[in-house]
Amino acid sequence: IPDRLFVPLNQIIGSPAECIVKKGKKVLKGQMIARDTDYVSVPVHATSSGTIIDIQKFPAAHSYGLPSDVIIIEPDGKDEWVERKALENIIELDPSELRNMIRYAGIVGLGGAAFPTFIKLNPVGHQIKTLILNGAECEPYISCDDMLMRERPHEIIDGAKIMRHALNAESVIIAVEDNKPEAIASLQNLAEGLDWMTVQSIPAIYPTGGERQLVKVLTGKDVPSQGLPLDLDIIVSNVATAAAVHHALDHQQPLISRIITVTGSGVRTPRNVEALIGTPMSDLIELAGGYTEDADRLIMGGPMMGITLKTDATPVVKASNCLLVQTPADHATEAISRACIRCGECVKVCPVKLLPQQLYWFSQSRNLDALQSHHLFDCIECGCCAVVCPSHIPLVQYFRYGKSESWKKEQETTKSDRARERTEARTKRLERIKAEKKAQHAARAKKTAAENDRKKEIQAAVART
C-alpha cells in the first residue's frame with residue numbers, strides 16, 4: 001500500500017466517472033467513489049481504506065500526457081473492506097443481473113483496450129457460439145498474464161463459467177502461446193472434464209495476440225473489415241478480465257488491483273507485482289530494486305505498442321499491464337527518418353494485409369477520405385511496419401495522427417450535421433407557424449365575411465318587411 005493513491009476518474013474507453021466523494025471524507029476499500037456517467041462508462045472504487053485528501057489534476061497514462069482528474073486517497077494502513085455479502089448459485093442468476101454486477105464492479109478489458117466488459121457480455125441480436133479468452137502475450141517482456149495462468153488458473157476458469165453463462169455461449173477457448181508450457185498445463189489440469197472448454201496452444205508469433213489475428217488462428221475465419229469478432233458470433237476477452245469477473249461475483253470485490261510486469265534493463269530486479277489501481281509507478285520501480293544508473297525511458301506496455309510516459313508519478317490504471325524501463329542501449333538503433341524508398345517491406349509484414357506505404361502518403365497529405373477507403377481503422381498499431389522500414393519512418397505515429405484527424409473530422413461533421421438539422425427544424429417550425437397564422441387569418445376573414453353576409457340578409461329582410 002503506497003503512501004498516496006492517485007485514482008483517475010478516466011481509465012477506460014468511454015466517458016469518465018463522476019466523483020461522488022468530497023475532500024476529508026473517510027472511505028473503505030472497495031467503496032464506490034465515482035459513479036458511471038454514460039452507457040460506455042463504469043464506476044471507480046477506493047483501492048484501500050483511508051481519507052480523501054484532494055481531488056485534482058494529475059499526469060495521465062496517455063501518450064498525449066495531458067493531466068486528468070484524480071481522487072487522492074491517504075491510506076490509513078488498515079486496508080479495511082466495505083461490507084460485502086457472499087452470493088450463492090451465481091450461475092443460476094439472470095444474465096442481465098450478472099452484467100449489472102460486472103458493470104458496477106468497474107470491470108473493463110485488462111488486455112489493454114479497457115473497454116467496459118458488461119457491454120461485451122451483452123451482444124444484442126447475436127447468439128454467441130464461442131467465447132475466446134486471450135492468454136497470448138506476444139510482445140517481449142510482458143509476463144503478467146503468464147504468471148496469472150500459472151499461479152491462479154482457478155480464477156480464470158471460474159470467471160469463464162460466469163462469462164459463458166452471461167453470454168449463453170456454446171463453448172470457451174483459452175488461447176495460450178506455445179512458449180508458456182507451465183501455463184498451458186496449469187489450465188488444462190483444471191479444464192479437464194469440462195466438455196465446453198478447450199485450452200488451445202497457439203504459435204508465439206507477434207502479433208498473434210491481436211483480436212483479429214487470434215480469431216483467424218483459432219477458427220480460420222477473417223473478421224470483416226471495420227467489423228468485430230461479434231460479426232462471427234465470437235467474443236474475445238482477456239484471461240485477466242475473466243479473473244476479475246471471478247473476484248467481482250464470487251468475492252464481491254470490484255476491480256481495484258491488477259498484476260503488472262515491472263521489467264526492462266533499466267530496473268535492477270524485474271518482477272511481477274499485484275498493484276493497487278492508483279499506485280504511483282515510482283513505487284513499483286522501487287519494488288523492482290530501483291532504476292539502474294543509465295535508465296532513460298519509461299514505457300507503459302510493451303516495446304512495440306507501449307506508451308512512453310513523461311513521469312513516473314503517473315498512477316497505475318486498469319489498462320496498465322507492463323512498466324518497461326529502457327536504457328540507451330535498448331534504442332541505440334533508432335535513426336533519423338528519411339524519405340520513403342517504396343521498397344514495400346512494410347506491406348510484407350502487415351498482419352492485417354494493409355498498404356502502410358499508401359497510408360503513410362495519405363496521412364502526410366491529410367487525405368482522410370483515401371485513408372478511410374484504404375481501411376486505416378483496421379490498423380492495430382502493432383508497429384511491424386515501422387520496425388522493418390529501412391528509412392526509419394515512424395509509420396505508426398502517422399497512422400495515429402490520421403485516425404485522430406479522421407475522428408476529429410467525423411466529430412465536426414456530426415456537429416455541423418446536428419447544427420444543420422437544428423436550423424432546418426427551426427426553419428420548418430417557423431414556416432409551420434407562419435402557415436398556421438395564415439390559416440387562422442383566412443379562417444377569421446371567412447368568418448367575418450360570413451357574418452357580414454348574414455347582417456346584409458337581415459337588413460334586406462327588414463327592409464322588405
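The figures that follow rest on heavy atoms only: side chains count, while hydrogens, waters and symmetry mates do not.
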Should the heavy atoms of other residues, nucleotides or ligands under 6.0 Å from CD of Glu88 be counted, would the total exceed 12? no

Ring pair (Phe, Tyr, Trp, His ring centres under 6.0 Å) partners of His45, counting only residues at least two apart: none

Checking side chain to side chain contact (heavy atoms under 4.5 Å, CB included) for the pair Leu287/Val262: CA distance, chi angles, key distance, verdict? CA-CA 9 Å; Leu287 283 172; Val262 185; over 6 Å; no

Lys409 side chain reached by Asp369 side chain, heavy atoms, under 4.5 Å: yes

Residues in salt bridge (charged side-chain N to carboxylate O under 4.0 Å, His left out) with Arg84, at least two apart? none

Do any N or O atoms from the side chain of Ser186 and from the backbone of Met149 form a donor-acceptor pair under 3.5 angstrom? yes

Quiz question: by atom type and distance under 3.5 Å, do the side chains of Thr130 and Asp233 form a donor-acceptor pair? no

May I have all residue pairs that pass salt bridge (charged side-chain N to carboxylate O under 4.0 Å, His left out) and include part of residues 22-33, sequence neighbours excluded? Lys29-Asp79

Sidechain N-carboxylate O distance under 4.0 Å for Arg418, Glu421: no

By side-chain contact (heavy atoms from CB on, under 4.5 Å) - contacts of Ala370 (at least two apart): Phe362, Asn367, Ser373

Of all heavy-atom pairs between Thr269 and Gly289, which one has the smallest distance, and what is that distance? OG1-N, 3.4 Å

Using a 4.5 Å cut-off on heavy atoms from C-beta on, say whether the side chain of Ile235 contacts that of Pro229. no

Under 4.5 Å between any side-chain heavy atoms of Cys379 and Phe399, yes or no? yes

Applying ring pair (Phe, Tyr, Trp, His ring centres under 6.0 Å), name anything that partners His165, two or more places apart in sequence or on another chain. none

Under the rule for side-chain contact (heavy atoms from CB on, under 4.5 Å), what residues qualify as partners of Met101, not counting sequence neighbours? Leu87, Leu93, Glu97, Leu249

Are any side-chain N or O atoms of Gln11 and backbone N or O atoms of Val108, one a donor and one an acceptor, separated by less than 3.5 Å? no

Would you sort out whether Lys180 and Glu177 count as a salt bridge (charged side-chain N to carboxylate O under 4.0 Å, His left out), showing the intermediate values? CA-CA 6 Å; Lys180 297 178 173 60; Glu177 290 169 302; 2.7 Å; yes

Would you say Arg258's side chain and Lys318's backbone share a donor-acceptor pair under 3.5 angstrom? yes

So, are Arg422 and Asp417 salt-bridged, with charged N and O less than 4.0 Å apart? no

Sidechain-backbone polar pair: Thr414 side chain, Glu410 backbone, donor-acceptor under 3.5 Å: yes

Just checking, any donor-acceptor pair under 3.5 angstrom between side chains of Asn10 and Asp69? no

side-chain hydrogen bond (donor to acceptor under 3.5 Å, both in side chains) between Asn272 and Thr261: does it pass, once the steps are laid out? CA-CA 4 Å; Asn272 283 284; Thr261 303; 2.7 Å; yes

Once ring pair (Phe, Tyr, Trp, His ring centres under 6.0 Å) is applied, do any residues pair with Tyr291, and if so which ones, sequence neighbours excluded? none

Distance-only, no hydrogens or angles: does the Thr47 side chain make a donor-acceptor pair with backbone N or O of Ile277 under 3.5 Å? yes

Pairwise salt bridge (charged side-chain N to carboxylate O under 4.0 Å, His left out) hits with a residue in residues 199-223, at least two apart: Lys120-Glu211, Arg212-Asp378, Lys216-Asp222

Between the main-chain N or O of Gln372 and the side-chain N or O of Ser406, is there a donor-acceptor pair closer than 3.5 Å? no

Side chains of Pro315 and Pro8, heavy atoms from C-beta outward: is any pair under 4.5 Å? yes

For the pair Asn134 (side chain) and Gly209 (backbone), establish whether a donor and an acceptor sit closer than 3.5 Å, ignoring hydrogens and angles. yes

Pairwise salt bridge (charged side-chain N to carboxylate O under 4.0 Å, His left out) hits with a residue in residues 269-278, at least two apart: Arg152-Glu274

Sub-4.5 Å side-chain heavy-atom contact between Pro351 and Cys382: yes

Whether Thr327 side chain and Gly266 backbone form a donor-acceptor pair below 3.5 Å: no

Can a donor-acceptor pair be found, under 3.5 Å and without considering hydrogens, that links the side chain of Thr241 to the backbone of Ser237? no

Presence of salt bridge, Arg420 and Glu424, under 4.0 angstrom: yes

How far apart are the C-alpha atoms of Val325 and Asp312, what are their side-chain angles, what is the distance that settles it, and do they pass the side chain to side chain contact (heavy atoms under 4.5 Å, CB included) test? CA-CA 10 Å; Val325 185; Asp312 61 7; over 6 Å; no

Quick one: do Glu18 and Leu9 satisfy side chain to side chain contact (heavy atoms under 4.5 Å, CB included)? Show the steps, please. CA-CA 7 Å; Glu18 178 186 6; Leu9 295 179; over 6 Å; no

For Glu286, is the CD atom crowded, meaning more than 12 foreign heavy atoms sit under 6.0 Å from it? no

Under 3.5 Å, side chain of Glu137 to main-chain N/O of Asp145, donor-acceptor pair present? yes

If you define the side chain from C-beta out and look only at heavy atoms, does anything of Ile73 sit under 4.5 Å from Arg4? no

Qualifying residue, where the test is side chain to side chain donor-acceptor pair (under 3.5 Å) with Arg103 and the options are Asp36, Asn122, Thr117: Asp36

Just checking Glu83: does its CD atom have more than 12 heavy atoms from other residues, nucleotides or ligands closer to it than 6.0 angstrom? no

Minimal heavy-atom distance between Leu148 and Glu155, with the atoms involved, is CD1-OE1, 4.0 Å

Grab the two heavy atoms, one from Leu324 and one from Gly264, that are nearest each other, plus how far apart they are. CD1-CA, 3.6 Å

Quick one: ring pair (Phe, Tyr, Trp, His ring centres under 6.0 Å) partners of Tyr206, sequence neighbours excluded? none

Tell me which pairs pass ring-ring contact (aromatic ring centres under 6.0 Å, His included) where either residue lies in residues 215-249, with sequence neighbours left out. His246-His251, His247-His251

ring-ring contact (aromatic ring centres under 6.0 Å, His included): pairs with one or both residues in residues 89-118, sequence neighbours excluded: Tyr39-Phe118

Taking the basic N atoms (NZ, or NE/NH1/NH2) and the acidic carboxylate oxygens, is any pair closer than 4.0 Å for Arg164 and Glu170? no

Check whether any side-chain heavy atom of Val273 sits under 4.5 Å from a side-chain heavy atom of Ile259, and report yes or no. no

For a quick test of reading the model, state the closest non-hydrogen atom pair linking Ile202 to Ala136 and the distance between them. CD1-CB, 3.9 Å

With a 4.5 Å limit on heavy-atom distance, are the side chains of Gln326 and Pro303 in contact? yes

Compute whether any side-chain donor of one residue and acceptor of the other, for Asp76 and Ser49, lie under 3.5 angstrom apart. yes

List the atom of Asp330, the atom of Ser265, and the distance in Å for their closest heavy-atom pair. OD2-OG, 2.6 Å

Tell me the closest heavy-atom pair linking Ala275 and Ile260, and the distance in Å. CB-CD1, 4.0 Å

